[in-house]
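Quick notes on the structure that follows.
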Amino acid sequence: MKKFTTVDDINDLDELILTAKKIKSDPFGSPELGKNKVLGLLFFNPSLRTRLSTQKASLNLGMDCIVMNLNTEGWSLEFEDRTVMDGNKAEHIKEAAQVISQYCDIVGVRSFPTLTDKEKDEAEQVINSFVKYSSIPVISLEGATEHPLQAVADALTIQEYKTKRKPKVVLTWAPHPKALPHAVPNSFAKIMKLSKYDLVIAHPKGYELNPEITKGTTITDNQDEAFKNADFIYAKNWSSYNDYGKILSNDTNWTITKEKMALTNNAKFMHCLPVRRNMIVSDEVLDSEDSIVIPQANNRTFAVQAILTKILENGK
Ligand code: CP
């Protein structure tokens with residue numbers, strides 16, 4: 001594996017999940033793989049899970065990890081070509097990426113979408129500029145349109161909890177006071193399609209995701225109907241894709257409650273976290289035995305350790 005910025009970079013999902021499971025059973029099994037190597041993590045946006053799980057995975061592999069909050073600690077970066085840099089941008093990505101490539105062996109980048117400039121967001125300008133100008137492998141710590149590390153952890157979690165070969169998995173929109181990106185639902189939909197599970201996406205009218213990604217998936221605006229016989233409920237808010245970045249609804253009838261979960265086949269409740277209690281999901285559901293959000297977050301370490309392992313093995 002030379003880079004990991006999208007679920008599309010996964011060659012063989014079954015093999016990747018197997019690797020993550022093996023790592024989980026023996027996280028310190030390859031202490032030499034990352035010896036004398038440096039992982040650089042660059043954050044343009046906040047993080048808890050991605051930052052700490054990636055640092056932990058790096059330590060498990062014997063790899064040093066350096067972290068920089070580029071938005072607050074670094075020079076403001078210019079990503080446009082052929083610009084006269086007479087504004088507040090002090091450094092061009094061309095130099096920054098090449099310099100970072102001399103200090104690190106792998107670089108991870110988190111850069112959320114603008115949610116105002118669809119074209120720029122869809123081009124993944126920040127992460128793809130790092131890919132273009134770095135001479136080292138780049139991993140996405142969540143980009144404008146995808147969160148592939150989250151998706152691998154989600155697939156690993158479902159693999160661990162499923163009781164049938166092809167579970168029914170429902171990705172459902174839920175209300176939130178702020179406009180949120182499409183990265184998590186996009187990557188989740190992609191990896192569920194790769195897993196060949198029975199995926200249903202439920203959302204109010206107007207919240208259709210990118211049709212290129214959801215093509216071939218059952219989509220409904222009837223959440224109750226979707227929940228029937230579901231084995232996994234994956235809740236997430238996202239803003240409108242067609243009316244780009246807009247909040248069209250805050251309908252709390254879409255909040256995941258005990259009554260909604262009672263419609264399912266004793267489904268497990270999942271969310272990538274952070275989650276807004278009693279907006280996305282009720283306390284009762286989140287605190288219930290059917291909620292697997294904490295083991296899901298734990299799997300972030302083994303998912304990213306599997307990806308780092310693939311990249312390090314490729315570079316040997
Ligand atoms: N799920 C996730 O990516 O969490 P953080 O934003 O805290 O990293």
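Quantities reported herein were computed from a predicted structural model and do not represent experimental measurements. Just follow the structure's listing: the first ligand is 1, and inside any ligand the first atom is 1.
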| request: Using a strict cut-off of 4.0 Å, indicate which atoms of ligand 1 neighbour a heavy atom of Arg300. | output: 1 (N), 2 (C), 3 (O)
| task | Is it possible for you to check whether Lys118 lies under 6.0 Å from the centre of the six-membered ring of Tyr241, through NZ or CZ, and within 45° of that ring's axis? | result | yes
| query | Hey, mind stepping through Val200 and Phe227 against side-chain contact (heavy atoms from CB on, under 4.5 Å) and telling me if it holds? | reply | CA-CA 9 Å; Val200 175; Phe227 274 36; over 6 Å; no
| query | If we only count N/O pairs under 3.5 Å, is Arg51 in contact with ligand 1? | reply | no
| query | Of the protein's non-hydrogen atoms, which lies at the shortest distance from atom 4 (O) of ligand 1, and what is that distance? | reply | Arg49 NE, 2.9 Å
| Going by heavy atoms in the side chains, are Ile17 and Glu160 under 4.5 Å from each other? | no
| field | Salt bridge Asp64-Lys37, side-chain N to carboxylate O under 4.0 Å | value | no
| said: Quiz question: by atom type and distance under 3.5 Å, do the side chains of Asn186 and Thr145 form a donor-acceptor pair? | reply: no
| note | Checking heavy-atom distances from atom 5 (P) of ligand 1 to each of Leu48, Leu149, Leu52, Val184, the winner is Leu48
| note | For His147, the ligand 1 atoms with a heavy-atom partner under 4.0 Å come out as 2 (C), 3 (O)
| field | Contact partition for Arg110 relative to ligand 1, non-hydrogen atoms under 4.0 Å | value | side chain
| What atoms of ligand 1 come closer than 4.0 angstrom to any heavy atom of Cys272? | 1 (N)
| query | Nearest non-hydrogen atom to atom 8 (O) of ligand 1 belongs to which of Ser47, Ser53, Pro46? | reply | Ser47
| query | Under 3.5 Å, is there a donor-acceptor pair between the side chain of Arg110 and the main chain of Leu141? | reply | yes
| query | Charged N to carboxylate O below 4.0 Å: is that the case for Asp231 and Lys162? | reply | no
| Looking only at heavy atoms, is any part of Leu273 under 4.0 Å from ligand 1, and if so is it the side chain, the backbone, or both, or is it neither? | backbone
